[in-house]
2 protein chains.
Amino acid sequence: MKYSHKLSDAIHILAYVDMFQDGDLSSQAIAGSIESNPSLVRRLMSLLVKADLLATKPGTIAPKLARPAEQITLLVVFQALDTDQRLLHVDEKTNPDCLVGGNIQATLDAAYTQVQRAAEAEMATITLAQIIAGIRERAIQKSSARN
Amino acid sequence: MKYSHKLSDAIHILAYVDMFQDGDLSSQAIAGSIESNPSLVRRLMSLLVKADLLATKPGTIAPKLARPAEQITLLVVFQALDTDQRLLHVDEKTNPDCLVGGNIQATLDAAYTQVQRAAEAEMATITLAQIIAGIRERAIQKSSARN
DNA sequence: TCATTTGTTACTTTATAAGTAACTTGTGAC
DNA sequence: GTCACAAGTTACTTATAAAGTAACAAATGA
C-alpha cells in the first residue's frame with residue numbers, strides 16, 4: 001500500500017487552524033499549505049469534527065479548535081481517522097490444522113496489542129500545543145540562522 | 001497498500017523451525033503452515049539468515065535457529081525485514097513557504113520518533129521463546145476444551 | 001437570488017506488499 | 001560424474017489501501 005500520512009495531514013490542519021485563526025482558513029488555503037487539494041482537506045476536517053476536535057460552520061469559513069490545543073493529543077487525532085489503526089498486522093490466513101498455524105494468530109495478536117498500547121501511551125503524551133510550539137521554534141531558528 | 005504481515009510470517013517461520021526441528025523443514029512444508037508459497041518463505045528465510053537469526057545450508061533441508069529462542073526478540077526480527085520500519089509517516093510534500101508547512105515535517109518527525117522508540121522498546125521485551133510458549137499453551141487449552 | 005464554501009460521494013491513480021514462476025546454485029545419493 | 005531435489009535469487013503479476021480528483025448537494029450571507 002501507500003504509506004498513510006493522514007495523521008500528519010490531520011495534525012497539519014489543526015495546527016494551521018489554530019495558528020492562523022485570523023487568516024484565510026478556507027479548505028483551499030489549507031490545501032495550499034499541505035500541498036494537497038481542498039476536497040481531501042474537507043474530508044479530513046469532517047472526521048475531526050465528528051471526533052469533536054474541530055468545530056466548523058457549513059457554508060462559512062470559520063473552523064476553530066473544539067477544545068484547547070493543550071487538550072488535543074496525537075492519540076485522539078490518530079483515533080479520529082477512519083484508517084486502520086493497528087500498527088502491526090497478524091497474518092489472517094494460516095493453516096488451522098498446524099500446531100503453529102493454528103495458534104500463532106492469537107499469540108501474535110496479544111503481543112502486538114502490547115506493542116500497540118505502548119505506542120498509544122506515548123502518543124497520549126504529545127499534545128497539539130507541543131507540536132505548534134515545535135513549529136514556532138523551528139521557524140525562529142531558521143530566521144536567526146539567516147543573519 | 002496491503003497490510004504487511006511479513007513480521008508475522010517471519011516469526012511463524014522461526015517458531016516452526018524451532019518447534020519441528022526433527023520434522024519436515026522444507027520451504028514447501030513451512031509454506032503449508034503459513035498457507036503461502038515456498039518462494040516467499042525462502043525469501044523471508046534469506047532475510048533471517050542475513051540478520052543472523054537463522055542458519056541454513058544451501059541445497060539441504062536443515063534450517064535451525066542461529067541463537068536460542070530466548071535471545072530472539074520481536075524487535076530484531078522486525079529490523080531484519082526489508083520493509084519500511086517506520087510505524088507513522090510524515091507527509092513529505094508540504095509547502096516550504098508556509099510557517100506550518102515549512103516546519104511541521106521536522107516537528108512531527110521528532111514526535112513520531114518518540115512513539116517509534118516506545119513501540120520498539122516494547123518489541124524488545126517480547127522473545128521468540130515467549131511466542132512459542134504462547135502457541136503451546138493455546139494448543140493445550142484447545143485440547144482440554146475438547147474433553 | 002446568487003456567488004461562495006462546506007460537506008459528501010464516487011471514481012481514478014498510485015504505491016507497496018503478496019503471490020507466482022522461472023532460473024541458478026549447491027548437496028548428497030547412487 | 002550425473003541426477004534428483006532443495007535452497008537461493010530475480011523478475012513479473014496481482015491485490016489492496018491510500019492519495020488525488022471531480023462533481024454535486026446543502027448551507028450561508030451579501
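Bear in mind the structure is a predicted one, so any value in this text is a computation, not a measurement. All chains are named by letter (A, B, ...) in the order of the sequence lines, taking the proteins before the strands, and each is independently numbered beginning at 1.
- Pairs engaging residues 66-77 of chain A under the side chain to side chain donor-acceptor pair (under 3.5 Å) rule: none recorded [sequence neighbours left out].
- Contacts with DNA chain D (heavy atom under 4.0 Å) in residues 43-56 of chain A: A:R43, listed by number.
- In this structure, the CG atom of B:L7 is 14 Å from the C1' atom of C:dA17, given to the nearest Å.
- Rounded to an integer number of Å, the gap from B:H5 NE2 to D:dT16 C1' is 12 Å.
- Between the side chain of A:Q116 and the main chain of A:Q85, a donor-acceptor pair closer than 3.5 Å is present.
- Using modelled atom types, one finds no donor on one side chain facing an acceptor on the other under 3.5 Å when comparing A:S39 with A:N37.
- For A:Q28 and B:D9, each mapped to the nucleotide of DNA chain C holding its nearest heavy atom, the one lying further toward the 5' end belongs to A:Q28.
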Whether each nucleotide of nucleotides 24-30 of chain D has a protein heavy atom under 4.0 Å at its base (B), only at its sugar-phosphate (S) or at neither (-) is summarised, 5' to 3', as ---BSS-
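- Between A:A69 and A:D18, the closest heavy-atom pair is CB-OD2, 4.4 Å.
- Checked against side chain to side chain donor-acceptor pair (under 3.5 Å), B:H5 has no partners two or more places apart in sequence or in another chain.
- For DNA chain D, the residues of residues 81-112 of chain A within the heavy-atom distance limit of 4.0 Å (strictly under) are A:T83, A:D84, sorted by number.
- Note: B:I34 CD1 to B:H12 NE2 = 5.0 Å, rounded to the nearest 0.5 Å.
- Taking atom CG on A:N37 and atom P on C:dT6, their separation rounds to 13 Å, with Å as the unit.
- Straight-line distance from the CG atom of B:L40 to the C1' atom of C:dA17: 10 Å, rounded to whole Å.
- Under the 4.5 Å side-chain heavy-atom criterion for ILVMFWY residues, a single connected hydrophobic cluster contains both A:M19 and A:L25.
- For A:E35 and D:dG20, the CD to P distance is 10 Å, given to the nearest whole Å.
- Considering only side-chain atoms of A:K2, the nucleotide from C:dA18, D:dG20, C:dA15 that sits closest is C:dA15.
- Checking D:dG20, C:dT20, C:dT9 against the side-chain heavy atoms of B:S39 singles out C:dT20 as nearest.
- When the P atom of D:dA7 is taken as reference, atom CG of B:D24 falls 9 Å away, rounded to whole Å.
- Not a single donor-acceptor pair under 3.5 Å links the side chain of B:K142 to the backbone N or O of A:N103.
- Atom OH of residue A:Y3 and atom CG of residue B:D91 lie 15.0 Å apart, to the nearest 0.5 angstrom.
- Listed by chain and residue number, A:D109 satisfy the salt bridge (Lys or Arg N to Asp or Glu O under 4.0 Å) test with A:R86 (two or more places apart in sequence, or in another chain).
- Side-chain contact between B:L128 and B:L65: present, with at least one pair of heavy atoms (C-beta onward) separated by less than 4.5 Å.
- Here A:S4 reaches the OP1 or OP2 of D:dA19: one of its side-chain N or O atoms lies under 4.0 Å away.
- Within a 6.0 Å sphere centred on CD of A:Q28, other residues, nucleotides and ligands contribute 12 heavy atoms or fewer.
- Rounded to a whole Å, the CD1 atom of B:I30 is 18 Å from the C1' atom of C:dG19.
- In this structure, the OH atom of B:Y3 is 15 Å from the C1' atom of C:dA18, given to the nearest Å.
- Checking the phosphate oxygens (OP1, OP2) of D:dA7, a side-chain nitrogen or oxygen of B:S27 falls inside 4.0 Å.
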